[in-house]
Colleague: 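Have a look at this one before I ask anything.
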Protein chains: 2
Amino acid sequence: MSDAQKGPVFTEIVLEVFKLGGFLVSEGDRMGSEYGITSARWKILGALSLAGEPQTVPQIAGSMGLTRQAVQRLVDAMQKDNLLLFQDNPGHKRAKLISLSDLGKTVYSKLYEKQSGWAKTCSAGITQAELETTLSVLERISGAIER
Amino acid sequence: MSDAQKGPVFTEIVLEVFKLGGFLVSEGDRMGSEYGITSARWKILGALSLAGEPQTVPQIAGSMGLTRQAVQRLVDAMQKDNLLLFQDNPGHKRAKLISLSDLGKTVYSKLYEKQSGWAKTCSAGITQAELETTLSVLERISGAIER
DNA sequence: GGCGAATTGACAACATATTGACAACCTCGG
DNA sequence: CCGAGGTTGTCAATATGTTGTCAATTCGCC
């Protein structure tokens with residue numbers, strides 16, 4: 001199999017990632033609208049939930065592939081909406097630790113249930129193996145770029 | 001294989017698509033900066049090149065998964081920068097036909113060469129079959145959302 | 001031919017994300 | 001202990017994309 005054939009497929013994947021990203025943002029906004037949540041805010045809730053412990057803004061940014069400035073703005077707005085809690089960081093005067101408030105936890109778990117049903121619908125007709133290959137390939141491409 | 005296991009993998013794919021999308025935009029901006037081109041403008045050049053014939057704004061938007069308003073803004077700016085040509089549409093007084101100018105064609109072909117080498121590096125260690133599976137899965141997910 | 005529905009361009013308001021710059025803070029080596 | 005360099009929060013400018021609205025145009029059906 002010649003490497004020359006991989007270029008065009010790779011280009012198509014890039015275009016499809018852009019397209020699908022747009023669709024997913026729209027879909028996430030739609031699902032979250034019931035709780036006053038946008039896709040971007042959902043990402044923050046998810047990052048905090050996955051981490052399992054309070055995180056700083058740069059930590060969240062790193063795990064999500066965003067800049068710290070982008071995360072900071074979201075986090076500030078979400079604290080005002082009582083979705084997040086800021087705690088003083090004993091080891092660092094400026095870098096506050098951020099965690100989910102009770103409201104944030106409640107909203108996230110309700111979104112998680114809603115998203116599970118949607119995920120099942122979207123992945124109908126796609127095998128587990130295909131999904132795992134896709135995830136692996138996307139991760140390897142991300143890793144190769146590694147900005 | 002239970003469907004219940006597909007949900008978590010699907011969620012990870014969604015997060016990875018967001019992350020990779022951000023990386024690809026950055027990388028595209030970086031590669032295009034030499035020619036004064038951003039990722040968004042590259043997408044427009046690519047859509048016109050792939051179509052092979054002049055397109056209207058809504059046609060470009062449909063093929064790229066963007067809204068016509070987003071495409072309109074880019075196209076207007078790119079015409080001012082002499083990357084695109086507007087032609088009167090014989091069949092429609094308002095919807096002008098848009099095509100690549102000579103400058104647009106030159107820039108796109110240079111970007112294509114640059115991107116080819118980059119694609120080869122990024123896809124090192126990934127088989128053709130894996131890439132094709134990934135593209136197929138992403139397309140099926142896009143199709144399932146089909147906003 | 002004509003009328004209602006859909007398409008299209010234009011404009012506005014907003015959310016998201018980037019880069020750049022600066023000052024405050026922290027860490028670590030000398 | 002202290003200063004250089006990296007980290008963090010903040011602010012600003014810009015780019016990209018969304019939704020919503022309006023008027024002009026086109027299309028399809030009668």
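By convention in this document, chain letters (A, B, ...) are assigned in the order of the sequence lines, proteins followed by strands, and residues within each chain are numbered from 1. Basis for what follows: all heavy atoms, side chains included, without hydrogens, waters or symmetry-related copies.
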Colleague: Is a salt bridge present between B:Glu130 and A:Arg140, judged by a nitrogen-to-oxygen distance below 4.0 Å?
Modeller: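 Looking at B:Glu130 and A:Arg140, the cut-off is met.
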Colleague: Closest heavy-atom contact between B:Ala47 and B:Met64?
Modeller: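 Minimum heavy-atom contact is CB-SD, 3.6 Å.
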Colleague: Touch check for B:Val25, heavy atoms < 4.0 angstrom, all strands: base, sugar-phosphate only, or nothing?
Modeller: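 Here B:Val25 touches no strand at all.
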Colleague: So for the helix from C:dG1-D:dC30 to C:dG30-D:dC1, with five pairs setting each end axis, what is the inter-axis angle to 10°?
Modeller: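 Roughly 30°, once rounded to the nearest ten degrees.
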Colleague: Output a table of donor-acceptor pairs, distance under 3.5 Å, between side-chain atoms of residues 36-44 of chain B and any protein atom two or more places apart or on a different chain; print 'none' if there are none.
Modeller:
unit_1	atom_1	unit_2	atom_2	d
B:Thr38	OG1	B:Arg41	N	3.4
B:Ser39	OG	B:Val25	O	2.7
B:Ser39	OG	B:Asp29	N	3.2
B:Ser39	OG	B:Asp29	OD1	3.2
B:Arg41	NH1	B:Asp81	OD2	2.8
B:Arg41	NH2	B:Asp81	OD2	3.2

Colleague: Assess the residue pair B:Thr56 and B:Leu97 against the criterion (side chain to side chain contact (heavy atoms under 4.5 Å, CB included)); give the C-alpha distance rounded to whole Å, side-chain angles, the decisive distance to 0.1 Å, and a yes or no.
Modeller: CA-CA 5 Å; B:Thr56 64; B:Leu97 286 171; 3.9 Å; yes
Colleague: Using the side-chain heavy atoms of B:Ser26, tell me which of these nucleotides is nearest: C:dT18, D:dT21, C:dA17.
Modeller: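 From the listed options, C:dT18 comes nearest.
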Colleague: Please state how far atom CD in A:Gln69 lies from atom C1' in D:dC11, giving the value in whole angstrom units.
Modeller: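 Those two atoms, CD and C1', are 10 Å apart.
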Colleague: Hydrophobic clusters here meaning ILVMFWY residues chained together by side-chain heavy-atom distances under 4.5 Å, can you tell me if A:Leu50 and B:Leu20 are in one?
Modeller: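 As far as the 4.5 Å side-chain criterion goes, B:Leu20 and A:Leu50 are connected within one cluster.
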Colleague: Quick one: is B:Thr67 getting a side-chain N or O under 4.0 Å of the D:dT18 phosphate, OP1 or OP2?
Modeller: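 Answer yes for this pair, as a side-chain N or O of B:Thr67 is under 4.0 Å from OP1 or OP2.
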Colleague: So do B:Lys96 and B:Gln87 actually touch side chain to side chain, heavy atoms under 4.5 Å?
Modeller: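 When only atoms from C-beta onward are counted, B:Lys96 and B:Gln87 do not touch, as no gap falls below 4.5 Å.
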Colleague: Starting from P on D:dT16, measure out to CG on B:Leu66 and report it in whole angstrom.
Modeller: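 Distance check: B:Leu66 CG to D:dT16 P gives 11 Å.
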Colleague: Closest to the B:Pro58 side chain: C:dT8, D:dT8, C:dC11?
Modeller: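 In terms of side-chain proximity for B:Pro58, the closest of C:dT8, D:dT8, C:dC11 is C:dT8.
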Colleague: If you check every side-chain atom of B:Ala70, which of D:dG17, D:dT19, D:dT10 has the closest atom?
Modeller: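 Among D:dG17, D:dT19, D:dT10, the one nearest the side chain of B:Ala70 is D:dG17.
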Colleague: Would you indicate what A:Ala95 reaches in the nucleic acid, counting non-hydrogen atoms under 4.0 angstrom: base, sugar-phosphate, or nothing?
Modeller: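 Sugar-phosphate contact only.
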Colleague: Output yes when B:Glu27 and B:Arg30 qualify as a salt bridge under the 4.0 Å nitrogen-oxygen rule, no when they do not.
Modeller: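 Between B:Arg30 and B:Glu27 there is a salt bridge, with a charged N closer than 4.0 Å to a carboxylate O.
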Colleague: Closer than 4.0 Å, any side-chain N/O of B:Lys19 to the OP1 or OP2 of C:dA17?
Modeller: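 Answer is no, no contact under 4.0 Å.
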Colleague: Using a heavy-atom distance cut-off of less than 4.0 Å, which residues of residues 32-42 of chain B contact DNA chain D?
Modeller: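 Here the set is B:Thr38, B:Ala40.
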Colleague: State, to 0.1 Å, how close B:Glu16 and A:Ser142 come at their nearest heavy-atom pair, and which atoms those are.
Modeller: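 Closest heavy-atom pair between B:Glu16 and A:Ser142: OE2-OG, 2.8 Å.
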Colleague: Starting at CZ of A:Arg68 and ending at P of D:dC11, how long is that distance when rounded to a whole Å?
Modeller: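 Those two atoms, CZ and P, are 13 Å apart.
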Colleague: Starting from the 5' end of DNA chain D, give me the residue, A:Arg73 or A:Asp29, whose nearest nucleotide shows up first.
Modeller: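 Final value for this comparison: A:Arg73.
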Colleague: Does this structure show an ion pair linking A:Lys114 with A:Glu34, if we count only N-O contacts that are shorter than 4.0 Å?
Modeller: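 Judged by the 4.0 Å cut-off on N to carboxylate O distance, A:Lys114 and A:Glu34 do form a salt bridge.
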Colleague: Please report the distance, rounded to the nearest Å, between CE in B:Met78 and C1' in D:dA15.
Modeller: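 Spelled out: CE on B:Met78 to C1' on D:dA15 is 14 Å.
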Colleague: Can you check the B:Asp76 CG to C:dG9 C1' distance for me, whole Å?
Modeller: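 Checked: the CG to C1' distance equals 9 Å.
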Colleague: Would one find a side-chain N or O of A:Gln72 under 4.0 angstrom from OP1 or OP2 of D:dT8?
Modeller: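 The answer is no; no side-chain N or O of A:Gln72 sits under 4.0 Å from OP1 or OP2.
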Colleague: Specify the separation, in whole Å, of atom CG of B:Leu97 and atom C1' of C:dG9.
Modeller: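 Rounded to whole Å, this separation is 14 Å.
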Colleague: For A:Glu27 and D:dT18, give me the distance from atom CD to atom P, rounded to whole Å.
Modeller: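 Going from CD in A:Glu27 over to P in D:dT18 covers 14 Å.
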Colleague: OP1, OP2 of C:dA17 versus side-chain N and O of A:Lys43: anything below 4.0 Å?
Modeller: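 For A:Lys43, the contact criterion (side-chain N or O under 4.0 Å from OP1 or OP2 of C:dA17) is met.
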Colleague: Please report the C-alpha distance between A:Gln69 and A:Arg73 in whole Å, then the side-chain angles of each, then the deciding distance to 0.1 Å, and finally whether the side chain to side chain contact (heavy atoms under 4.5 Å, CB included) criterion is met.
Modeller: CA-CA 6 Å; A:Gln69 291 92 330; A:Arg73 182 152 37 95; over 6 Å; no
Colleague: Between D:dG9, D:dT21, C:dT16, which one does the side chain of A:Leu74 approach most closely?
Modeller: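 Of the options given, the side chain of A:Leu74 lies nearest C:dT16.
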Colleague: Let me know the distance between CG of B:Leu24 and P of D:dT16, rounded to the nearest Å.
Modeller: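 These atoms are roughly 16 Å apart.
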